[in-house]
K.L.:
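Structure below; questions to follow.
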Protein chains: 2
Amino acid sequence: MRRDIFQAIADPTRRAIIALVALHAMTPNAIAENFDITRQSVSKHLRILTECELLKQTPNGREIYYSLEVSKMKEVDLWLEQFRKLWEGQFAQLDQLLEQMKKQ
Amino acid sequence: MRRDIFQAIADPTRRAIIALVALHAMTPNAIAENFDITRQSVSKHLRILTECELLKQTPNGREIYYSLEVSKMKEVDLWLEQFRKLWEGQFAQLDQLLEQMKKQ
DNA sequence: TACTTGCGAAGCTGATCAGTTGCATATATA
DNA sequence: TATATATGCAACTGATCAGCTTCGCAAGTA
């Protein structure tokens, strides 16, 4: 099974889970309450997110708290980095163009 | 068919195509030369990327040049934005902690 | 000890996907 | 006009996926 971050965040439910857990650690049941799918299905998503280290588990008795591994999110940011230069470059060029237009 | 940016960038081949086309516009054949899959398969990826507006087409005779729609990439960046605050917050807290340790 | 609760894992199903082959179309060239 | 080239599209296939149901297990609680 392919298990990279990009495939993990491709699913809208998983992105919603990430957004939920980003605020504070939550148990699978608490997370599942926010969706119209079964707890088991949410559990599967949690497993995928945990396997690619986007989420980390903190057991507490029979409960398991899931929280976001923020550092892992930076890997997506790192990939975006190369393109960020491009769109910043576009703005820089636009600025340059506007400067030239002002002069004329 | 689901066609959002996140699903588009989930595929490693498509990410490679994006990286290629980011530098300069390329034709499907030229792009396909960089992969071990058939031209038709690459063409399929190009269609998906174009449909979700990550790539734009520029016809030139019988050739079609594909180039990156940089502005669309920012949508991923926008989604990351909410979490960026988190990891920047972590560093801010770490800085604070280091400051306190220095004082003691 | 018996019962409830919180959770994960296995197995099934219909949908989707990445890749293939084969074909159609449009443009350039002889 | 005939041929080669550049490309897209349709149909097929094996793999993967998201969801479901069923089950098992461990930790609390009566």
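Within every chain, numbering begins at 1; the chains are lettered A, B, ... in the order of the sequence lines, protein sequences first and strands thereafter. The structure presented is a predicted model; accordingly, all values stated were derived computationally and were not measured.
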K.L.:
Would you please name every residue forming a salt bridge (Lys or Arg N to Asp or Glu O under 4.0 Å) with B/E63, sequence neighbours left out?
P.N.:
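By the salt bridge (Lys or Arg N to Asp or Glu O under 4.0 Å) rule, B/E63 matches no residue at all.
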
K.L.:
Residues two or more places apart in sequence or in another chain: which of them pass salt bridge (Lys or Arg N to Asp or Glu O under 4.0 Å) with B/R62?
P.N.:
none

K.L.:
Could I get the full list of salt bridge (Lys or Arg N to Asp or Glu O under 4.0 Å) partners for B/E53, not counting sequence neighbours?
P.N.:
B/K72

K.L.:
Can you tell me the distance, in whole Å, between the CD atom of B/E33 and the C1' atom of D/dA6?
P.N.:
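The distance from CD of B/E33 to C1' of D/dA6 comes to 12 Å, rounded to the nearest Å.
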
K.L.:
When you measure from the side-chain N and O atoms of B/T38 to the phosphate of C/dT20, is any distance below 4.0 Å, counting only OP1 and OP2?
P.N.:
yes

K.L.:
Between D/dC20 atom C1' and A/D36 atom CG, what is the distance in whole Å?
P.N.:
14 Å

K.L.:
Who pairs with A/A16 by side-chain contact (heavy atoms from CB on, under 4.5 Å), at least two apart in sequence or on another chain?
P.N.:
A/F35

K.L.:
Between protein and nucleotides 5-11 of chain C, map the contacts as a letter string: B base, S sugar-phosphate only, - none, heavy atoms under 4.0 Å, written 5' to 3'.
P.N.:
BSBBB-B

K.L.:
Within this structure, what is the CZ-to-C1' distance between B/F6 and C/dT16, rounded to whole angstrom?
P.N.:
20 Å

K.L.:
Separation of B/Q7 atom CD from D/dC17 atom P, in whole Å?
P.N.:
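Result: 12 Å.
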
K.L.:
Run the salt-bridge test on A/E51 and A/R47 with the 4.0 Å N-O cut-off and return the result as yes or no.
P.N.:
yes

K.L.:
Under the side chain to side chain donor-acceptor pair (under 3.5 Å) rule, what pairs show up with a residue in residues 17-36 of chain A, not counting sequence neighbours?
P.N.:
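Found none.
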
K.L.:
Return no unless some side-chain N or O of B/H45 is found under 4.0 Å from OP1 or OP2 of C/dG19.
P.N.:
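The answer is yes; a side-chain N or O of B/H45 sits under 4.0 Å from OP1 or OP2.
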
